[in-house]
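The next block holds one structure in the form of structure tokens; read it before the comments.
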Protein chains: 2
Amino acid sequence: MASIPELEEIRRNQILEAALSTIAETGAAHVTMDDIAQAAGLSKGGLIHYYRSKNELFQATFKELFERIFELSRESMAQHSDPMEKILAFDFLYDLENPYTRQGYPLLFDSMALAAREPDYQAMFDAWVDRWIELLTGAIRQGIADGSFVEMDPDPLARTISAIYHGIAIRWYLAPRSHSSEWAVNSFRTAIGGAMAPYRKKTGQDAEKGQGTGNTLMEMNRNPAA
Amino acid sequence: MASIPELEEIRRNQILEAALSTIAETGAAHVTMDDIAQAAGLSKGGLIHYYRSKNELFQATFKELFERIFELSRESMAQHSDPMEKILAFDFLYDLENPYTRQGYPLLFDSMALAAREPDYQAMFDAWVDRWIELLTGAIRQGIADGSFVEMDPDPLARTISAIYHGIAIRWYLAPRSHSSEWAVNSFRTAIGGAMAPYRKKTGQDAEKGQGTGNTLMEMNRNPAA
DNA sequence: CGCCACCGACCAGCCAGTCGGTTTTCCGAC
DNA sequence: GTCGGAAAACCGACTGGCTGGTCGGTGGCG
């Protein structure tokens, strides 16, 4: 067994992994230290050796959660080079197959309930949003530089885009009966396409791309209406 | 004191009122029956006389919450006659002055965390969304009928609009440092205006109205960019 | 006199964190 | 290379506090 100086880090990762899945299953309101310790293959005493209180463990766990979501976002965006495609790269949020999804959403809901009351968690949420915003403002700035978008302050627009993703995610996860993955994808495309429309320059291929990304819901809606 | 047959309803309302404010303050995860009983001016025994278990009380409380939010939405929308204005009538969501806001948001976050795991709460959330959607589809249908909007299935569009409101609300409440009320209002106007753009017919005064509601963020962005 | 609303002491279960103890690992001395 | 001992890692019984729900009781009203 690998040992000595890395042990601490290995254990902490083991514990965080266990905490993430246990809290996702049981809910932050009901998990016990014992649950997490057992899931990590430790006793309660062993767990406490690494995280001295439940609160300490929780904060580390949610920090890890935000870290992971951010990392996924960064990677998804990095797969594109066109600024508009970068902005629309977050469809992994609406993928049921993704195991991170099943784990991430319950945790995210817990983290928001915590953030609504506890300043520490609010600060974490705030910081996570800001990192997400940085990704988006980066893409927007790139679009301004290459002439796809007009000159503007990218920050409020990035926050709008991010909020749209988030709002659709909530509906998609909490009310799947009436909000399919297809709806979610079409929905964020139209909404974000629409919010960006005033800032996009029509330069031939861009205009075409705009139609393709901006009007999917329109096609979806071409069914006979009531 | 009014008495006898109305007593039960009076007490139940008293208790729900107390539950709403106590849970909003303390959080669903930490309130105790005693807390709620005291806030309602009863003993724990008295409380249990009306709601036999914590779960029963919680469900009734969150049902009441959704009822109230819906009622506010309905009233806000009813103050407008133009369909596009109806759709944009929910700016009360971003009003810090409104005491319902301070109470409603924490409860809403709790309800979502519950809905992420408990089917009963998920069903409540789902039903609440559907009622909201009915309001919006009503407005959209009106717009189709009077020629403001093109023919379409209003349901997915209404869900997109509703999700945009929700997403912006979350950011506005949980990260107020970087998401002002002004941002929230401008944001939902651009995003919803953008999402609706493909369906709006330009009929003179409507086109003008469309500019006014759809481009507020654009003006906001006219500050010097980085 | 009986019923209904209400009270609050009590019980039983749960759980975070403590603590005394055991095992494992490491390292220097021989 | 091995032995001793100290420190670190880990264990799990235990405690103290909390809380949901029970239950025997009380007062008031009809």
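Chain letters run A, B, ... following the sequence lines, proteins first, then strands; residues in each count from 1. No hydrogens, no waters, no symmetry mates; every other heavy atom, side chains included, goes into these values.
- Note on B:R52: every side-chain N or O is 4.0 Å or more away from OP1 and OP2 of D:dG20.
- Between A:Y50 and D:dC10 there is a side-chain polar atom (N or O) within less than 4.0 angstrom of OP1 or OP2.
- If you take CD1 on A:I23 and CD on A:Q103, they are separated by 9.5 Å, rounding to the nearest 0.5 Å.
- Comparing C:dG17, D:dG21, D:dC10 by their closest approach to the side chain of A:R11 singles out D:dC10.
- Both tests do not hold together for B:R117 against A:F109: distance to the six-membered ring centre under 6.0 Å, angle to the ring axis within 45°.
- Between A:F188 and A:Y94, a ring centre-to-centre spacing shorter than 6.0 Å is recorded.
- Because its NZ or CZ atom is both nearer than 6.0 Å to the ring centre of A:F70 and within 45° of the ring axis, A:R131 counts as a cation-pi partner of that residue.
- If you measure from atom CD1 of B:I15 to atom C1' of C:dA5, you get 11 Å, rounded to the nearest angstrom.
- Distance A:L57 CG to C:dG17 P: 10 Å, rounded to the nearest Å.
- A:S73 and A:W132 share no donor-acceptor pair across their side chains, judged by distance under 3.5 Å alone.
- As a whole-Å value, the separation of B:I48 CD1 from C:dA9 C1' is 15 Å.
- In the set D:dC10, C:dT18, C:dC6, D:dC10 carries the atom at the smallest distance from any side-chain atom of A:H49.
- In this structure, A:Y51 atom OH and C:dT18 atom C1' are separated by 21 Å, rounded to whole Å.
- The number of heavy-atom neighbours closer than 6.0 Å to NZ of A:K54, taken from other residues, nucleotides and ligands shown, is above 12.
- Separating the CD atom of A:E8 from the C1' atom of C:dT24 is a distance of 17 Å, rounded to the nearest angstrom.
- Near DNA chain C, meaning a heavy atom under 4.0 Å from it, residues 30-47 of chain B has B:L42, B:S43, B:G45, B:G46 in order of number.
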